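Contents: one structure, followed by commentary.
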Amino acid sequence: MSIYCDDVSITLADKAVIRGLNFRQEEPALIGLLGCNGAGKTTLMRALAGLQAIDAGQLRVNGLNPQREPVQLAKSMAYLPQQRVVHWALPVADVVMLGRMPHQRAFYPPNQRDHEVVQQVMAEMDVSQFARRPFQTLSGGEQARVLIARALAQEPSLLIADEPANGLDPAHQVAMMRYFQCIVAGGCTVLLSVHDLNLAARYCDRLVMLDEGKVYQDGTPEVVMTAEHLQQVFNVRADIRHIDGCLAVSVVG
């Protein structure tokens, strides 16, 4: 797995959203993107997923150009957008099975491996009990877990997830982050945008803090998550401390 961004710039509606951004990752890691709304997090992830063209620079994922080689990339990368939309009235198990499409032969039914993977990721995301329920009948948080399971069903070497914790209750947020840690240990890289500073500080190996389309800070949570940096980027006062060996962030004003 590798991500390579060299001096990448992206302009949307005559506004520079990403400006000369440099970012590289070659080893499996759980990476959190931090930044205010409009900092460029979603645009960067869409570019990595091949859904947004770049104006300048070079961008490669697993050695592939996402814009020019999307089919090849789909076998090794999964993308989970913010929007949680399924346009067909499908049962949950069928929605998750859609994640297996890059590995299936056209017009052939799912094989045993497909079913095994789907059952595994549904159990990990705690949605097995909804297998035959229509997706649209689930709550927002339940739908979020189903779509995470669909992305995981691809068995990607890179998972890009835009605010996957949004709408999840605290227990499922923690379960999701712990599962992400498990698949990273198995060789997958997870790149996610996150607004919950404590989730980012507790579970991520690397944090990349964006500000106005540029990398403001990049490093371990201890390096990036400081009161000075949070004041500069988010305009908040924060108390940073360790509790039971874990970095904890309290926004105080």
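Position 1 is the first residue of the sequence, and the numbers go up from there. Just so you know, these numbers come straight off a predicted model, no measurement behind them.
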Under the side chain to side chain contact (heavy atoms under 4.5 Å, CB included) rule, what do Phe130 and Val95 come out as? Steps first, then yes or no, please.
-> CA-CA 11 Å; Phe130 307 132; Val95 172; over 6 Å; no
Output side-chain donor-acceptor pairs under 3.5 Å for residues 12-20, partner residues at least two apart or in another chain, one line each.
| from | atom 1 | to | atom 2 | distance (Å) |
| --- | --- | --- | --- | --- |
| Arg19 | NE | Glu212 | O | 3.0 |
| Arg19 | NH2 | Glu212 | O | 3.1 |

List for me each residue that meets side chain to side chain donor-acceptor pair (under 3.5 Å) alongside [X], sequence neighbours excluded, and say none if there are none.
{"X": "Asp162", "result": "Thr42, Gln82, Ser193"}
{"X": "Asp205", "result": "none"}
{"X": "Arg105", "result": "Tyr108"}

Arg68, CZ atom: more than 12 neighbouring heavy atoms under 6.0 Å = no
In terms of heavy-atom contacts, does CD of Gln112 have more than 12 from other residues, nucleotides or ligands at under 6.0 Å?
->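 Counting other residues, nucleotides and ligands, CD of Gln112 stays at 12 neighbours or fewer.
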Hphob cluster co-occupancy, [X] + [Y], side-chain heavy atoms under 4.5 angstrom:
{"X": "Met225", "Y": "Val215", "answer": "no"}
{"X": "Leu159", "Y": "Leu30", "answer": "yes"}
{"X": "Leu210", "Y": "Val194", "answer": "no"}
{"X": "Ile240", "Y": "Val233", "answer": "yes"}
{"X": "Met45", "Y": "Leu80", "answer": "no"}

Do we see a donor-acceptor contact under 3.5 Å between the side chains of Asp169 and Gln173?
-> no
Short side-chain donor-acceptor distance under 3.5 Å, Asp211 and Gln232 | no
Quick one: ring pair (Phe, Tyr, Trp, His ring centres under 6.0 Å) partners of Tyr216, sequence neighbours excluded?
->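 Tyr216 satisfies ring pair (Phe, Tyr, Trp, His ring centres under 6.0 Å) with His229 once adjacent residues are dropped.
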List the atom pairs, with distances to 0.1 Å, where a side-chain N or O of residues 243-252 and a protein N or O form a donor-acceptor pair under 3.5 Å, not counting sequence neighbours.
none

For [X] and [Y], work out which heavy atoms get closest and say how close.
{"X": "Val224", "Y": "Leu207", "answer": "CG2-O, 3.5 Å"}
{"X": "Ala151", "Y": "Pro156", "answer": "O-CD, 3.8 Å"}
{"X": "Ile148", "Y": "Met125", "answer": "CG2-SD, 3.5 Å"}
{"X": "Asn22", "Y": "Asp7", "answer": "OD1-N, 2.8 Å"}
{"X": "Trp88", "Y": "Gln136", "answer": "O-NE2, 3.0 Å"}
{"X": "Pro91", "Y": "Ala131", "answer": "CB-O, 3.7 Å"}

Is Arg145 close to Met122 at the side-chain level, that is, under 4.5 Å between some pair of heavy atoms?
-> no
Close side-chain approach of Arg100 and Pro110, heavy atoms under 4.5 Å = no
Evaluate the side chain to side chain contact (heavy atoms under 4.5 Å, CB included) criterion for residues Tyr79 and Ile160: first the C-alpha distance (whole Å), next the side-chain angles of each, then the deciding distance (0.1 Å), finally the verdict.
-> CA-CA 5 Å; Tyr79 172 62; Ile160 298 175; 3.8 Å; yes
